[in-house]
Amino acid sequence: MRTAVVVGAGMAGLAAAGGLARSGWQVTLLERGERVSASPTALVLWPNGLRALNSLDPDGAWSAIAAPLPDGGVRRPDGQWLVPPRGRPGSGAAPAVAHLEDLYDALVAGLGEVEIRTGVAVSAVRCGPGRRPAVSDGRTEYEADLIVAADGIDSPVRRALAPEAAAVGSGFAAWQAVIPGFRAPRLTGDDACGGETLGAGYRFVAIPLGERAAGRGGVYWVATAAGAARPESPSTQLALLRRWFAGWHPPVGELLAATRPEDLVPQEVRELRPLPRAYGFPSGPGGVVLIGDAAHAMPHHLGQGACLAFEDAATLRSLTAEAAPGPELTAAVEAYSRARRPRTNSVVRQTRRMSAVVQARGRLALRARDAALNSLRPRLLGHVHGLAADWAPPE
């Protein structure tokens with residue numbers, strides 16, 4: 001029986017563990033926390049992410065948990081359109097939005113016979129020529145043919161194998177919240193489609209969740225501001241957000257007013273610079289691979305982080321589906337790295353371009369930003385073009 005250990009039970013780890021298990025692998029999933037749980041936020045699933053999920057689990061409940069994402073366009077704080085809503089292309093290319101609790105439930109349901117061990121904080125990795133790969137938490141060693149590091153931007157596995165990739169601040173702080181349907185303000189007209197608004201160093205994105213989200217609908221919003229993460233309490237940070245976004249067009253103020261401190265999920269926006277030199281490291285009969293934020297953490301301005309993680313998992317499952325431990329599996333580990341690095345490098349470059357747009361401050365910079373918006377693709381809540389639509393699962 002081929003064996004795999006997946007480190008990290010976030011979205012990337014759950015997707016990879018389920019995909020490998022359905023390909024005949026005996027999988028052990030290690031999670032640092034005491035339980036597998038989702039943040040009370042939501043996620044945009046672009047077409048590439050949906051294709052990856054369907055490839056990993058064709059019987060998954062993706063269509064049941066995700067609501068179509070309307071195109072809300074892009075506005076200035078005063079409500080003037082920078083990019084008007086333009087509708088969506090054909091139904092096969094439409095993105096969707098899902099509550100993370102629903103997505104985690106679907107991923108966990110697809111694990112099958114995967115063994116889950118919680119409270120395991122991996123701190124070391126064994127990898128090298130002639131050595132069977134393994135990870136350890138200092139007390140127990142977990143050995144397998146294949147180790148999958150899905151342990152996030154601060155991955156100890158990546159730090160050991162690719163120390164050149166450092167986690168650094170992106171120059172932004174971010175906040176997310178889901179306002180449940182019973183408490184959300186009623187949105188009509190253009191506001192009912194959500195959309196994004198760009199100010200001088202500030203950004204606000206609103207997305208209606210439909211009636212499917214965690215059984216209660218509502219509105220998901222994301223705010224970003226230039227600067228470091230805030231140390232204050234959630235109630236103080238929410239008060240700051242209401243002050244910073246005061247005077248912005250509806251429904252920004254209404255959404256912030258309907259948000260409670262317990263809804264707020266502050267985030268430190270960080271990224272890897274540079275990206276790891278490789279995503280696959282052959283070792284003994286197989287090797288170690290990096291997926292998700294452990295491989296390519298980036299700012300969330302294009303909404304591609306999770307979608308790329310699902311691509312990683314789908315690519316890994318495809319390349320290792322029939323690979324036997326030994327030369328076949330080590331070749332698959334190397335092929336995974338060759339397949340994923342050009343793709344993620346391209347998306348990261350586009351994301352950094354968008355970061356520069358969001359950071360624009362000052363009259364001349366804002367004019368240049370506004371002029372550039374129509375040529376930037378893909379764009380969150382914009383047309384589904386380019387990087388969000390040009391990926392398909394490998395055969």
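Position 1 is the first residue of the sequence; numbering continues from there. Every heavy atom of this structure was used, including side-chain atoms; hydrogens, water molecules and symmetry mates were not.
- Remark: the backbone N or O of Pro276 is paired with a side-chain donor or acceptor of Arg341 at under 3.5 angstrom.
- Here the side chains of Leu56 and Arg317 are in contact, with some heavy-atom distance below 4.5 Å.
- For the pair Val219 and Leu209, the minimum side-chain heavy-atom distance is 4.5 Å or more.
- Remark: the backbone N or O of Val333 is not paired with any side-chain donor or acceptor of Ser337 at under 3.5 angstrom.
- Using a 4.5 Å heavy-atom cutoff, the side chains of Trp221 and Val252 are not in contact.
- Between Arg277 and Glu164 there is a salt bridge, since at least one side-chain N of the basic residue sits less than 4.0 Å from a carboxylate O of the acidic one.
- Under a 3.5 Å cut-off, the side chain of Glu271 and the backbone N or O of Pro299 do not form any donor-acceptor pair.
- Using a 4.5 Å heavy-atom cutoff, the side chains of Leu69 and Val44 are in contact.
- Of the possible donor and acceptor atoms, none in the side chain of Gln80 sits under 3.5 Å from a partner among the backbone N and O of Arg76.
- By the 4.0 Å N-to-carboxylate-O rule, Asp137 lies close enough to Arg139 to be salt-bridged with it.
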Can you give the donor-acceptor pairs under 3.5 Å from side chains of residues 171-183 to other protein atoms, not counting sequence neighbours?
unit_1: Trp175; atom_1: NE1; unit_2: Gln237; atom_2: OE1; d: 2.6
unit_1: Gln176; atom_1: OE1; unit_2: Tyr220; atom_2: OH; d: 2.3
unit_1: Gln176; atom_1: NE2; unit_2: Gln267; atom_2: OE1; d: 2.8
unit_1: Arg183; atom_1: NH1; unit_2: Ala258; atom_2: O; d: 3.0
unit_1: Arg183; atom_1: NH1; unit_2: Asp263; atom_2: OD2; d: 2.7
unit_1: Arg183; atom_1: NH2; unit_2: Asp263; atom_2: OD1; d: 3.4
unit_1: Arg183; atom_1: NH2; unit_2: Asp263; atom_2: OD2; d: 3.4

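- No side-chain donor-acceptor contact under 3.5 Å links Ser318 to the backbone of Thr315.
- Side-chain atoms of Asp102 never come within 3.5 Å of backbone atoms of Ala98 as a donor-acceptor pair (strictly under, hydrogens ignored).
- Using a 4.5 Å heavy-atom threshold, the side chains of Glu143 and Val5 count as separate.
- Remark: Leu50 CG to Leu45 CG distance equals 5.0 Å, nearest 0.5 Å.
- Distance alone, capped at 3.5 Å, is enough to place a donor-acceptor pair between the Tyr336 side chain and the Leu290 backbone.
- In this structure, the salt bridge (Lys or Arg N to Asp or Glu O under 4.0 Å) partners of Arg270, at least two apart in sequence or on a different chain, are Asp154, Glu268.
- Note that the CG atom of Leu316 and the CG atom of Leu146 stand 6.0 Å from one another [nearest 0.5 Å].
- Among residues at least two apart or in separate chains, ring pair (Phe, Tyr, Trp, His ring centres under 6.0 Å) pairs with a member in residues 248-269 are Phe245-Trp248.
- Within the structure, the side chain to side chain donor-acceptor pair (under 3.5 Å) test picks out the following pairs touching residues 283-297 (sequence neighbours left out): His296-Asp312.
- With a 4.5 Å cut-off on side-chain heavy atoms, Leu30 and Tyr142 count as touching.
- For the pair Thr259 (side chain) and Leu255 (backbone), a donor-acceptor distance under 3.5 Å is present.
- Listed by chain and number, the residues in a side chain to side chain contact (heavy atoms under 4.5 Å, CB included) with Asp191 are Arg75, Leu187, Pro250, Pro251 (sequence neighbours excluded).
- Cluster annotation: Leu198 is connected to Val83 through the hydrophobic network of ILVMFWY side chains, with a link wherever side-chain heavy atoms come within less than 4.5 Å.
- Residues Val265 and Leu241 do not share a hydrophobic cluster, defined by chaining ILVMFWY side chains whose heavy atoms lie under 4.5 Å apart.
- Going from atom CD of Glu322 over to atom OG of Ser23 covers 8.0 Å, rounded to the nearest 0.5 Å.
- The backbone N or O of Glu232 sits nowhere less than 3.5 Å from a side-chain atom of Thr236 that would complete a donor-acceptor pair.
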Candidate pair Glu311 and Arg51, rule salt bridge (charged side-chain N to carboxylate O under 4.0 Å, His left out), full reasoning: CA-CA 8 Å; Glu311 287 186 20; Arg51 290 192 198 104; over 6 Å; no
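- Residues Pro77 and Thr197 are in side-chain contact: their nearest non-hydrogen atoms beyond the backbone lie under 4.5 Å apart.
- Judged as a salt bridge (charged side-chain N to carboxylate O under 4.0 Å, His left out), not a single pair has a partner in residues 246-260 (not counting sequence neighbours).
- Side-chain atoms of Arg2 come within 3.5 Å of backbone atoms of Ala323 as a donor-acceptor pair (strictly under, hydrogens ignored).
- By the 4.5 Å heavy-atom criterion applied to side chains, Leu107 and Leu53 are counted as neighbours.
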